[in-house]
Amino acid sequence: MDSAPLPDAAAPRLLDLVRLACRLRHYSYRTEQAYTGWVRRFCRYHRDGRGRPRHPATMREPEVTAFLTHLAVDRHVAASTQNQALAALLFLYDAVLGAPLGPLGDEAADGPRALVRAKRPRRLPVVLTREEVERVLTHLRGTHRLIAMLLYGSGLRLTEALRLRVKDLDSGYAHLVVRDGKGGKDRITVFPEAVHEPVERHLGRERLRYEAELDEGTATVSLPGALERKYPNAATEWGWRYVFPAAQPSVDPRSGRELRHHLGPSAVQRAVRRAARRAEIAKPVSPHVFRHSFATHLLARGADIRTVQELLGHASVNTTMVYTHVLNRGGLGVVSPLDALRL
């Protein structure tokens, strides 16, 4: 194929096409950002004789193979990162350029034709003991404490907790609904009684703020997909309000409108790290550790692994099985001979 670069003006149009293709398929904004970022890096990695980025239409499988190998060999990226880059480029050629790629590289070959895959190390998740969870929660305050309680009590990912809307909470049935979770799936998980009262107090305060914003005309929230066109009034209804809304409205990157979004994840991540330091816990603690601890503690109390899989939203029970290794069950469930000595 001719490798002559397209005009520079084509580059922004290409990224706009990637964004449009993502939105037509209802991909999340984070996926859209990731895919456009990988397309940009792919073009900049391959340059023409004048040092200008090449357009993907002038490249095919060898260039994609070389870029993915560069990520593994030179950049030392994780296997998940290389897989994300591969997914972005496959999407580019299939959904945007209309020219799906064939097999990439030849793992038995040497030189530039060989596709080097990043190695996926087998790592166990970081899990806190119950006492450590209590210590971290003790050093959290306000909204950050309430979010952490939901992460541990319901097994939520941080983004799932932040995207919760008022209508997704059901204290009567003691469950909450996770909408559009990882993989675009909905699921139901437990809504612990210990947070019912704190959540009600929190929502009582948010209701006062919501009513004040209604009077000011600033209560409009972002809605998923085409719901805003289907239900024109939903964006200002209490049920669609985020449980943890941002302090100020912000410009929606897709519509360009000023809307009320949910709280950002970075502040919660910083608060959890600070709380872990104050609790003098040496383990690397992030909000996701609460989800790992939720699953491990449920299994330790005898919960069925299929039930835990459903609560976590795992597509395969093999993913959930990693928590049994943390518990040292199965072939590792032995007593050390040292513990049998009477020292």
Side-chain angles (χ1 to χ4, degrees), residues 30 124-171 174-179 181-182 187-210 221 241-248 250 260-301 303 308 311-313 323 326:
R30 294 179 67 183
L124 294 177
V126 176
V127 174
L128 302 177
T129 65
R130 293 183 182 87
E131 186 266 340
E132 288 171 335
V133 171
E134 290 179 359
R135 283 161 53 192
V136 175
L137 292 177
T138 300
H139 287 85
L140 288 168
R141 295 289 182 271
T143 302
H144 295 153
R145 175 185 170 90
L146 187 55
I147 293 172
M149 291 173 71
L150 280 172
L151 298 180
Y152 175 65
S154 304
L156 302 179
R157 301 176 179 89
L158 178 56
T159 53
E160 293 172 345
L162 297 178
R163 290 175 182 170
L164 283 174
R165 302 187 189 250
V166 175
K167 67 180 183 61
D168 297 329
L169 306 180
D170 192 330
S171 57
H175 72 224
L176 57 83
V177 182
V178 177
R179 305 284 183 185
K182 190 173 182 179
R187 74 177 190 277
I188 293 177
T189 186
V190 61
F191 183 25
E193 291 187 11
V195 298
H196 287 188
E197 186 176 342
V199 166
E200 286 299 320
R201 291 198 302 267
H202 169 77
L203 291 180
R205 294 188 295 269
E206 288 299 327
R207 182 70 187 234
L208 295 176
R209 184 156 71 124
Y210 160 75
V221 299
R241 180 85 170 185
Y242 286 112
V243 176
F244 304 108
Q248 299 294 333
S250 58
R260 179 78 58 174
H261 294 276
H262 56 71
L263 197 66
S266 56
V268 183
Q269 292 164 342
R270 289 194 298 269
V272 169
R273 286 196 295 267
R274 285 197 301 267
R277 286 197 299 269
R278 291 169 181 167
E280 299 181 346
I281 294 176
K283 299 174 184 177
V285 180
S286 69
H288 204 68
V289 168
F290 289 116
R291 175 175 161 89
H292 294 322
S293 304
F294 164 84
T296 306
H297 296 171
L298 278 183
L299 291 171
R301 293 174 59 185
V308 177
L311 293 176
L312 293 175
Y323 300 109
V326 177

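Any value given below was found using the heavy atoms of this structure, including those in side chains, with hydrogens, waters and symmetry copies removed.
Note that the CG atom of L169 and the CD atom of E200 stand 8.5 Å from one another [nearest 0.5 Å]. With rounding to the nearest 0.5 angstrom, the CZ atom of F290 is 11.0 Å from the NE2 atom of H297. To the nearest 0.5 Å, the span separating CG on L312 from CG on L298 amounts to 8.0 Å. Taken to the nearest 0.5 Å, the CG atom of L176 stands 9.5 Å off from the CG atom of D170.
Among all heavy-atom pairs drawn from V127 and T296, the shortest one is CG2-OG1, 3.4 Å. The two atoms that bring T129 and E132 nearest to each other are N-OE1, 2.9 Å, heavy atoms only. Taking all atoms of both residues into account, the shortest heavy-atom contact from L156 to R291 is O-CB, 3.7 Å. Of all non-hydrogen atoms in L146 and V199, the two that sit nearest each other are CD1-CG2, 3.8 Å.
A salt bridge links E160 with R187: the distance from a Lys NZ or Arg NE/NH1/NH2 to an Asp or Glu carboxylate oxygen falls below 4.0 Å. Under 4.0 Å is where a charged nitrogen must lie from a carboxylate oxygen, and between E280 and R135 no such pair does. For R130 and E134, the salt-bridge test fails: no basic side-chain N is under 4.0 Å from an acidic carboxylate O.
Using a 4.5 Å heavy-atom threshold, the side chains of V166 and R207 count as separate. The side-chain heavy atoms of F294 and S154, taken from C-beta on, include no pair separated by under 4.5 Å. Annotation: side chain of R179 is not in contact with side chain of R163 (no heavy-atom distance under 4.5 Å). Considering only heavy atoms from C-beta on, T159 comes within 4.5 Å of R30 through its side chain. Under the 4.5 Å side-chain criterion, counting only non-hydrogen atoms from C-beta, R241 is in contact with R209. In this structure the side chain of V178 never reaches within 4.5 angstrom of the side chain of I188, judged on heavy atoms. Residues H202 and T143 meet the side-chain proximity criterion, which asks for heavy atoms closer than 4.5 Å. In this structure, the side chains of F244 and I147 come closer than 4.5 Å at one or more pairs of heavy atoms.
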Please walk me through it: do L150 and L164 pass side-chain contact (heavy atoms from CB on, under 4.5 Å)?
-> CA-CA 11 Å; L150 280 172; L164 283 174; 4.2 Å; yes

Worked check of side-chain contact (heavy atoms from CB on, under 4.5 Å) between V285 and L128 = CA-CA 8 Å; V285 180; L128 302 177; 3.9 Å; yes

Under the side-chain contact (heavy atoms from CB on, under 4.5 Å) rule, what do Y152 and V289 come out as? Steps first, then yes or no, please.
-> CA-CA 8 Å; Y152 175 65; V289 168; over 6 Å; no

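With Y242 as the aromatic partner, R165 meets the cation-pi criteria of under 6.0 angstrom to the ring centre and within 45 degrees of the ring axis.
When atom types are taken as modelled, the side chain of E206 and the backbone of L203 share no donor-acceptor pair closer than 3.5 angstrom.
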Report all side-chain donor-acceptor pairs from residues 264-276 shorter than 3.5 Å, counting only partners two or more places apart or in another chain.
none

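When each of L140, V133, L137 is tested with M149 by the rule side chain to side chain contact (heavy atoms under 4.5 Å, CB included), just one qualifies, namely L137.
A tilted orientation is assigned to the rings of H196 and F191, their planes being inclined by 30° to 60°.
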